[in-house]
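One structure below.
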Amino acid sequence: MNAPRLGFVLRFALASALAVGLLVWLAHGAALLGFPFQSFDYGEGGTMIASWRLAQGLSIYPDIQEAPFFVNPYTPVYLWLGALFMEDGPTLFGGRLLSLGSGLGVACLLFVWLRRQAGLEAALVGTTLFVVHPLVLGWTVLYRTDSLALFFGFAGLLVAEAAWREEDPPLGRQVFAVVLLALGFYTKQSMVAPILAVLGMAWLAGFRPGFRLTGLVLLMLAFPALALEAFSQGRFLGTVFGYNVMPFQSEQARLCLGGYLSSAMGMVFLVAVCAVRDGFRRHRLGWLFLAASLPIALGSGRQGGFYNYCLELHLALSLLSGLGWQTAAQGRPGRACAVALLLMLQVALGGVSRLPPYLFSPWDHLRFETGFVLRGEDPPWRKQARDAGGIAAWLERNPGPILAENLANPTLLGRTPWVVDPMILFTLARDGRWNPEPVLERVERQEFAVIFLQVLEGNIRFSPEAIARIQARYRVVGRAGVDLILLPDPGAGP
């Protein structure tokens, strides 16, 4: 086969891989958007309840010592946008739609930038590797802040990079880039890799541009912080930067970061090719972004952390993979095919494994979900997850305040739990920063009408003392989906 024809076949294969990846992603999005309950992720509940509070005109940074107890660890942009969909009551639909749209926006930005920098094949490779990874397929459709923060941050990074290609970057373009970066920060304050990369780019250009851009960033971050601090009666900064500080667990960080990297070996190979063949000066944007994303990925080790802390790292590796492809395969269709086979091997290996507990590979989605969605049928997981709605009968029979581990489902049914978020609050209680006694005294008096817990033994969200006192006054009477149902035990007495 001659080189032009081989090149055409290669581009067609890469485009087909991207098209299938997008189909799988959109089918999963459609399946989750059409499911009205919390299905996989615990964290959707607290984020949705924060939006619901905003829709009701309530503060999302209240005094955590006042009942009913609520703590929100996130900056407000995504939460406010999610609240716009809640005119008729709490819903997961709007936030999930926003997350999916943001993820697709990131993929579009990545494709356009790589197309301009390194050509069509590089854009197809980098975008496909971003899209088909279990982390993107599984996480970017949830009611979580990450996708929108990633979109704003990446957009700001690309605008800043375009400005810095000019000898004297226009101030207006710099301000626009900083506005986008600030929006990313005020969507999720821990996703700061784009800000760090842009500041690094500015300082490498010289003292004056570095000093000027640093000043712009600080101003753009400071004014909203001061306004939110005043509006929340002095609780914003303490909540998002104080209560959000959780214990670091090195073993958890090793498992999450190691698990992610083991699923991305094809990208690591292409990034290594990019480093060896091109060095670090030619693609400064990508390398700065990668360097800034690595310490953020270590956040997966904080209590409550997960693979989502690797999203910026995944995007940086996808970007550099596209550039590495262009370096490895330029003008060499045979070598390009060999590298393509390596990447397909990565996808195939991903098809027989997953990032636990619910980040499934594209092959898993194809087998167990995509076809069902295209035929207009419920995929198997939705049929099983309908049991989550089984708590409705228990709520109807037992009016009154409730406790719950999975927070979204009872809230969607009109009963917001009394403690949101128990994992954060009971962790704060260990350090004396939250007083759990009002909750535990209500447990002792059996004043909670019903309690929903995933597990009793080894529960990671309620303290051992809380679980012990619940078991002393409540008994398990059934199960709805993943939740145990606990009612007051008449034999225990108030």
Side-chain angles (χ1 to χ4, degrees), residues 106 109-110 113-114 126 129-130 133-136 139-140 144-147 149-158 160-161 181 184-185 187-204 210 214 217 241 244-324 327 346 355 359:
V106 172
L109 290 175
L110 178 63
W113 189 86
L114 282 172
L129 289 172
F130 174 75
H133 194 271
L135 179 58
V136 170
W139 195 266
T140 57
R144 299 298 297 260
T145 60
D146 306 81
S147 293
L150 192 67
F151 173 78
F152 281 135
F154 190 48
L157 181 65
L158 296 185
E161 189 267 345
L181 294 170
F185 178 84
T187 300
K188 186 175 183 181
Q189 68 274 22
S190 62
M191 295 185 74
V192 295
I195 295 178
L196 297 176
V198 168
L199 289 176
M201 194 160 45
W203 282 102
L204 287 173
T214 301
V217 169
F241 297 109
N244 201 24
V245 176
M246 295 284 106
F248 183 79
Q249 300 166 334
S250 57
E251 180 63 16
Q252 179 178 300
R254 186 187 68 79
L255 289 173
C256 286
L257 191 53
Y260 167 74
L261 290 174
S262 68
S263 72
M265 293 311 296
M267 288 190 287
V268 172
F269 170 79
L270 284 177
V271 171
V273 169
C274 187
V276 171
R277 297 291 298 273
D278 288 343
F280 297 99
R281 288 183 175 274
R282 183 179 173 191
H283 306 302
R284 184 172 289 177
L285 167 74
W287 294 113
L288 287 171
F289 188 30
L290 178 64
S293 68
L294 284 169
I296 306 302
L298 288 174
S300 58
R302 67 182 284 278
Q303 184 171 322
F306 196 56
Y307 288 97
N308 56 311
Y309 280 86
C310 296
L311 273 168
E312 290 170 311
L313 174 60
H314 178 65
L315 178 56
L317 288 175
S318 300
L319 184 150
L320 287 170
S321 293
L323 298 174
T327 298
Q346 173 182 315
L355 298 180
L359 298 178

Inset, instruction - Rounded to the nearest 0.5 Å, what's the gap from CG on Leu317 to CG on Leu313? Could you check? - result: 4.5 Å
Inset, instruction - Look only at the side chain of Glu161 and the backbone of Leu285, and say whether a donor-acceptor pair between them is shorter than 3.5 Å. - result: no
Inset, instruction - Cation-pi check, Lys188 to Phe151: give yes when NZ or CZ is under 6.0 Å from the six-membered ring centre and within 45° of the ring axis, no otherwise. - result: no
Legend entry - Inter-residue atom distance Tyr309.OH - Ile296.CD1, 0.5 Å rounding: 9.5 Å
Legend entry - Any side-chain heavy-atom pair of Met191 and Thr145 under 4.5 Å: no
Inset, instruction - Identify the heavy atoms of Gly126 and Leu114 that sit nearest to each other, and give their distance. - result: CA-CD1, 3.8 Å
Legend entry - For Asn308, side-chain hydrogen bond (donor to acceptor under 3.5 Å, both in side chains) partners two or more places apart: Asp146
Legend entry - Student check: side-chain heavy atoms of Leu135 and Phe130 closer than 4.5 Å: no
Inset, instruction - Could you tell me the separation between the CD atom of Glu312 and the CG atom of Leu290, rounded to the nearest 0.5 Å? - result: 11.5 Å
Inset, instruction - State, to 0.1 Å, how close Ala193 and Ala292 come at their nearest heavy-atom pair, and which atoms those are. - result: O-CB, 3.4 Å
Inset, instruction - Measure the shortest side-chain to side-chain distance between Ser300 and Tyr307 over non-hydrogen atoms and say whether it is less than 4.5 angstrom. - result: no
Inset, instruction - Look up atom CG in Leu110 and atom CG in Leu319, then write down how far apart they are to the nearest 0.5 Å. - result: 6.0 Å
Inset, instruction - For Gln252 and Gly305, indicate whether the former's side chain and the latter's backbone hold a donor-acceptor pair under 3.5 Å. - result: yes
Inset, instruction - Could you check whether the rings of His314 and Tyr260 sit parallel, tilted or perpendicular, using 30° and 60° as the cut-offs? - result: perpendicular
Inset, instruction - Decide yes or no for Val106 and Leu109: does some side-chain heavy atom of the first lie under 4.5 Å from some side-chain heavy atom of the second? - result: no
Inset, instruction - Determine whether Leu270 and Leu320 make a side-chain contact, defined as any pair of heavy atoms from C-beta on separated by less than 4.5 Å. - result: no
Legend entry - Heavy-atom pair with the smallest gap, counting every atom of Gly156 and Val198: O-CG2, 4.5 Å
Inset, instruction - Any chance you could measure Leu311, atom CG, to His133, atom NE2, to the nearest 0.5 Å? - result: 10.0 Å
Legend entry - Leu288 side chain reached by Leu204 side chain, heavy atoms, under 4.5 Å: yes
Inset, instruction - Find the distance between CZ (Phe185) and CD1 (Ile195) and round it off to the nearest 0.5 Å. - result: 6.5 Å
Legend entry - Sub-4.5 Å side-chain heavy-atom contact between Pro194 and Phe152: no
Inset, instruction - Indicate the atoms forming the closest heavy-atom contact of Ala149 with Gly184, along with that distance. - result: CB-O, 3.7 Å
Inset, instruction - Please examine the side chains of Trp113 and Leu157, heavy atoms only from C-beta on, and report whether any two atoms are closer than 4.5 Å. - result: no
